[in-house]
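A short worksheet on the structure shown next.
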Amino acid sequence: MKMVVAIIKPFKLDDVREALSEVGMTGITVTEVKGFGRQKGHTELYRGAEYVVDFLPKVKVEIAVIDERVEAVVDAVRKAANTGRIGDGKIFVYNLDQVVRIRTGEVDGDAL
């Protein structure tokens, strides 16, 4: 099993959710986060004063996946989150040692 974590632009969340639904993923976790990569933030003008925004708003999407579905999930997220501009985000894939469904006690693939 794997944990797929994607950091994406907030306005792409609905597109990513729909793409994941199309490949059969029914459960995701979404968190609002802030960060920066190569773009290193940007400057904004507020009431005539310029200031630097270091941390940009992003969305973190987490999906627990069986090994056979990882490539489909990564591809769906990549295509749906892509704008072709800097700051589109990253996808990370981690090993997932164990999953337990609290309600039933099911484990691993059955718990997903």
Side-chain angles (χ1 to χ4, degrees):
M1 294 175 302
K2 305 288 186 198
M3 176 65 77
V4 178
V5 178
I7 309 297
I8 62 172
K9 291 182 175 182
F11 69 88
K12 296 302 278 182
L13 178 59
D14 286 337
D15 295 339
V16 169
R17 186 187 52 77
E18 287 177 22
L20 288 169
S21 181
E22 288 174 10
V23 295
M25 297 312 301
T26 56
I28 65 172
T29 300
V30 177
T31 310
E32 292 181 7
V33 295
K34 292 184 178 196
F36 66 89
R38 288 185 181 159
Q39 65 199 100
K40 306 244 190 309
H42 64 276
T43 59
E44 288 189 6
L45 196 62
Y46 179 72
R47 294 188 176 181
E50 192 173 280
Y51 65 100
V52 176
V53 177
D54 289 329
F55 294 97
L56 301 173
K58 300 286 182 178
V59 172
K60 180 178 175 182
V61 180
E62 298 172 291
I63 312 115
V65 185
I66 60 172
D67 290 335
E68 295 79 26
R69 306 291 307 278
V70 171
E71 289 302 317
V73 167
V74 168
D75 195 48
V77 172
R78 187 187 59 76
K79 288 178 180 174
N82 184 17
T83 67
R85 297 173 43 204
I86 193 166
D88 275 352
K90 298 268 190 311
I91 300 172
F92 305 95
V93 180
Y94 301 98
N95 285 323
L96 194 57
D97 293 332
Q98 184 179 22
V99 176
V100 178
R101 185 184 310 266
I102 294 172
R103 179 177 54 87
T104 63
E106 293 171 297
V107 295
D108 299 335
D110 294 332
L112 297 178

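All residue numbers refer to positions in the sequence shown, counting from 1. Source: prediction; values computed, not measured.
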Output yes when a side-chain donor or acceptor of Asp88 lies under 3.5 Å from a complementary backbone atom of Thr83, and no otherwise. yes
In this structure, are over 12 heavy atoms from other groups packed under 6.0 Å from Lys2 atom NZ? yes
May I ask whether Val70 and Leu20 are part of the same hydrophobic cluster, defined by side-chain heavy atoms of I, L, V, M, F, W, Y residues being less than 4.5 angstrom apart, directly or through others? yes
Can you tell me how far the CZ atom of Arg78 sits from the NZ atom of Lys90, to the nearest 0.5 Å? 14.0 Å
Backbone of Val77 reached by a side-chain donor or acceptor of Lys12 within 3.5 Å: no
Which distance, rounded to the nearest 0.5 Å, do you find between the CD1 of Ile66 and the CG of Asp110? 10.5 Å
Among Val16, Leu112, Ile28, side-chain contact (heavy atoms from CB on, under 4.5 Å) partner for Ile63: Ile28
Taking the side chain as every heavy atom from C-beta outward, state whether Lys58 and Lys9 have any atom pair closer than 4.5 Å. yes
Is there a chain of hydrophobic side chains (I, L, V, M, F, W, Y, each step under 4.5 Å between heavy atoms) that links Ile91 to Val65? yes
Asp108 side chain vs Gln98 backbone, donor-acceptor pair below 3.5 Å: no
Kindly write out the residues that satisfy side chain to side chain donor-acceptor pair (under 3.5 Å) with Thr26, not counting sequence neighbours, or none if the list is empty. none
Quick check: is Val73 connected to Leu96 through a chain of hydrophobic side chains (ILVMFWY, heavy atoms under 4.5 Å apart)? no
Atom pair CG/NZ of Leu13 and Lys60 - distance to nearest 0.5 Å: 14.5 Å
How long is the gap from CD1 on Ile8 to CG on Asn82, to the nearest 0.5 Å? 12.0 Å
Looking at Ala76 and Ala19, what are the two nearest heavy atoms and their distance? O-CB, 3.8 Å
Would you call Val33 and Phe55 a side-chain contact if the rule is heavy atoms closer than 4.5 Å? no
Spell out, yes or no, whether Met25 and Ile7 are grouped together once hydrophobic residues are joined by side-chain heavy atoms under 4.5 Å, including indirect joins. no
If two hydrophobic side chains count as joined below 4.5 Å and joins carry through other members, does Val74 share a cluster with Val61? yes
